[in-house]
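The structure appears below as structure tokens.
FYI, the numbering just counts along the sequence from 1. Source: prediction; values computed, not measured.
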Amino acid sequence: MQTGDFLDKEIETLDLEALQSLQLERLKTTVRKASTSPFYAKRFRELGLRPEDIQSLSDVEHLPFTTKDDLRGEAYPYGFLTVPGENLVRLHASSGTTGRPTVIFHTKKDIRSWAHLVARCMYMAGVRKDDVFQNMMGYGLFTGGLGFHYGAELLETLIIPAGPGSSKRQIRLMQDFGTTVIHIIPSYALYLLKVMAELGINPRDDLSLRVAFLGAEPHTEGVRRRIEEAYGVDAFNSYGLSEMNGPGVALECPYKNGLHIWEDSYLVEIIDPVTLKPVPDGTEGELVLTSLNRDAMCLLRYRTKDITRLLPGRCPCGRTHRRIDRITGRTDDMIILKGVNIFPLQVEMVLMSIPEVGNNYQIVLETHNGIDTMRVQVEVDSEHFSEDIRYLEKLQKKIASELRGEILITPQVDLVEPNSLPRSDGKAIRVVDKRTVTVG
Ligand code: AMP
Ligand code: ZN
């Protein structure tokens, strides 16, 4: 384990007092800058708030929250800018498929700082100059591709800017250039295994992979384990969102006991999404982030809708930046069915612990005779697939009963052939809601 090795040792191991003093200095600057944007100028006026009112880190609670709707609302697209338009060099957008996207602008310095954070992450996972990095995330408005690209370039790693999809070509690139590091959406990593199997390639033996960055979508420990075992890699959970640059917000260190969130660049709060009050450390809630080191757009108390908690204690790796737990879902992903709250990842957790279950699933919500129901379509693992009806019925019952143990209702389980469910090159669509009247 390369734990003694840091890209930014001084920053990554700052003691608490020094880290907080850096945060406060940056918070004050950020609030001052934000107050010059039309959006926050108006908010501050309405709240009777002045930038000088922020004198300590706990004063952050006087600042207004910012939501996705704010970014898409009246202030769209330029109302958050704190620099003249001529200073902008790039924009990115969130990967939402409905309505207006949220658009984030960057100055040259913003891009440089972001690349640095990604480089810090990659270095933490052991990526070095002599690696060959295949970036299988979308290049374009989505931040996954270009975000990691610029980070890897800072490390002077050879980059294969493959982008997503074209599975056979991806495998060919890995073979031809001896790819050692990949950045990939976890659901796509599971799918790619099928294509490799068809080509008679066993990634553990036939490829040179050693590190995988898994990001962009919620996934369980079970999915990570499947990917690590099948590919023979060390897989790191990479968290980010376009509103806070993109990837490079938080990543696991080699201890994989939570994701270090770079507190020199992000001020972290965990709140109760209903009362909007902070929850005690260690308690789950909604992650709220304030960017501390950006120029073009300074977002204050951005409500990510992602659910996690701050983990207690220090990490043995020596980094002092706190760790967040694996994201367990989004507040807007929660399914309310028959009065029960269910997160799609609870379903995934159960499915991935059953060896007969393959690598893809989908949750379908429907209304029958006025009653809402849940159907879980589950691919059977190719090695366990059989035409034997009795075997399939038994498996179906087992899955339904294990799901009931976790989500408290018994869904209908449909077993389907391996690799028969729809898949996308981007984030997986885990829930299809066909209910006529949806709740939640
Ligand atoms: P976008 O701004 O389109 O890149 O989407 C960002 C969102 O993707 C986050 O707010 C999360 O909901 C999700 N996301 C990104 N990385 C992860 C991760 N490692 N685990 C769980 N969710 C993630
Ligand atoms: Zn650590």
Side-chain angles (χ1 to χ4, degrees), residues 65-72 92-102 104 137 142-144 185-188 214-224 237-247 249-252 258-259 261 266 268-279 283-290 299 301-311 323-337 340-352 361-365 374 376 406-407 424 426-433 435 438-440:
F65 288 107
T66 309
T67 63
K68 214 179 230 322
D69 284 342
D70 292 329
L71 291 167
R72 296 197 285 221
H92 278 284
S94 68
S95 42
T97 46
T98 53
R100 276 179 184 167
T102 55
I104 303 295
M137 289 280 182
F142 176 54
T143 54
I185 294 187
S187 52
Y188 183 61
L214 305 180
E217 68 184 10
H219 57 288
T220 53
E221 190 59 42
V223 163
R224 184 233 296 275
N237 186 357
S238 161
Y239 172 77
L241 62 163
S242 50
E243 294 84 355
M244 291 289 136
N245 290 335
V249 174
L251 188 89
E252 290 171 316
L259 294 79
I261 184 155
Y266 302 99
V268 185
E269 296 171 83
I270 309 276
I271 62 160
D272 177 321
V274 178
T275 65
L276 306 185
K277 295 285 175 225
V279 298
T283 307
E284 264 201 349
E286 178 180 345
L287 178 67
V288 171
L289 295 173
T290 299
L299 295 191
R301 306 188 86 195
Y302 183 71
R303 292 188 57 187
T304 65
K305 297 195 171 173
D306 292 320
I307 301 167
T308 183
R309 62 194 179 111
L310 275 167
L311 295 170
R323 288 159 296 129
I324 52 168
D325 207 352
R326 177 181 287 282
I327 306 289
T328 55
R330 289 177 56 81
T331 53
D332 52 4
D333 265 1
M334 192 173 75
I335 299 165
I336 305 178
L337 198 81
V340 180
N341 298 347
I342 303 161
F343 284 102
L345 280 193
Q346 290 178 277
V347 172
E348 177 174 306
M349 203 172 69
V350 170
L351 296 180
M352 291 300 137
Y361 67 93
Q362 196 161 52
I363 300 167
V364 184
L365 305 171
M374 178 192 273
V376 184
E406 173 66 29
I407 62 175
S424 72
K427 303 184 188 210
I429 298 166
R430 294 301 191 197
V431 182
V432 181
D433 196 341
R435 285 176 292 181
T438 55
V439 193

side-chain contact (heavy atoms from CB on, under 4.5 Å), that's the test. Do Arg303 and Thr331 meet it? Break it down for me. CA-CA 10 Å; Arg303 292 188 57 187; Thr331 53; 5.7 Å; no
Hey, could you give me the CG/CG distance between Asp306 and Leu241, rounded to the nearest 0.5 Å? 6.5 Å
Rounded distance [0.5 Å steps], CG in Leu214 versus CD in Glu252: 8.5 Å
Any donor-acceptor N/O pair, Thr304 side chain to Leu287 backbone, under 3.5 Å: yes
Test your reading of the model: is there a side-chain donor-acceptor pair from Ser238 to the backbone of Leu251, 3.5 Å cut-off? no
Taking atom types as modelled, find out whether Glu348 and Thr220 have a side-chain donor-acceptor pair closer than 3.5 angstrom. yes
Lys277 vs Asp272, test: salt bridge (charged side-chain N to carboxylate O under 4.0 Å, His left out). Steps then yes/no. CA-CA 6 Å; Lys277 295 285 175 225; Asp272 177 321; over 6 Å; no
Answer yes or no: is there a donor N or O on one side and an acceptor on the other, between the side chain of Arg326 and the main chain of His219, under 3.5 Å? yes
Determine the minimum heavy-atom distance between Phe343 and Gly329, stating which atoms define it. CD2-CA, 4.2 Å
Go through it in stages, so that I can follow the logic: the residues are Leu289 and Val268, the test is side-chain contact (heavy atoms from CB on, under 4.5 Å), and I'd like the CA-CA distance, side-chain angles, deciding distance and then a yes or no. CA-CA 5 Å; Leu289 295 173; Val268 185; 4.2 Å; yes
When you look at Thr66 and Glu243, which way does the side-chain contact (heavy atoms from CB on, under 4.5 Å) test go after all the steps? CA-CA 10 Å; Thr66 309; Glu243 294 84 355; over 6 Å; no
If I compare all heavy atoms of Ala93 with all of Pro101, which pair ends up nearest, and what's the gap? CB-CB, 4.0 Å
In terms of heavy-atom contacts, Gly426 and Ser187 come closest through O-OG, 4.3 Å
Exceeds 12 heavy-atom contacts within 6.0 angstrom, atom CD1 of Ile429: no
Reported CD-to-NZ distance for the pair Glu217 and Lys427, which is rounded to 0.5 angstrom: 8.0 Å
Nearest 0.5 Å, please: how far is CD1 in Ile327 from NZ in Lys305? 14.5 Å
I'd like to know if the side chain of Tyr239 and the backbone of Leu259 have a donor-acceptor N/O pair within less than 3.5 Å. no
Side chains of Leu299 and Ile104 in contact at under 4.5 Å (non-hydrogen atoms): yes
List the atom of Ile324, the atom of Ala250, and the distance in Å for their closest heavy-atom pair. CD1-CB, 4.3 Å
Taking all non-hydrogen atoms of both residues into account, name the closest pair between Pro218 and Leu345 and its distance. CB-CD1, 3.7 Å
Thr308 and Ile270, any side-chain heavy atoms less than 4.5 Å apart: yes
Distance check, rounded to the nearest 0.5 Å: Leu337 atom CG versus Arg435 atom CZ? 6.0 Å
In terms of heavy-atom contacts, Gly258 and Leu311 come closest through CA-CD1, 3.6 Å
Donor-acceptor pair, Glu284 side chain versus Arg309 backbone, under 3.5 Å? no
Among Leu71, Thr67, Val288, Thr290, which one satisfies side-chain contact (heavy atoms from CB on, under 4.5 Å) with Tyr302? Leu71
Flag for Thr102-Ser94: side-chain donor and acceptor within less than 3.5 Å: yes
Are Met334 and Ile307 close enough that some pair of their side-chain heavy atoms sits under 4.5 Å apart? no
When rounded to the nearest 0.5 angstrom, what is the spacing between CZ in Arg323 and CD1 in Ile261? 12.5 Å
Leu365 and Val432: CA distance, side-chain angles, deciding distance, side-chain contact (heavy atoms from CB on, under 4.5 Å) verdict: CA-CA 6 Å; Leu365 305 171; Val432 181; over 6 Å; no
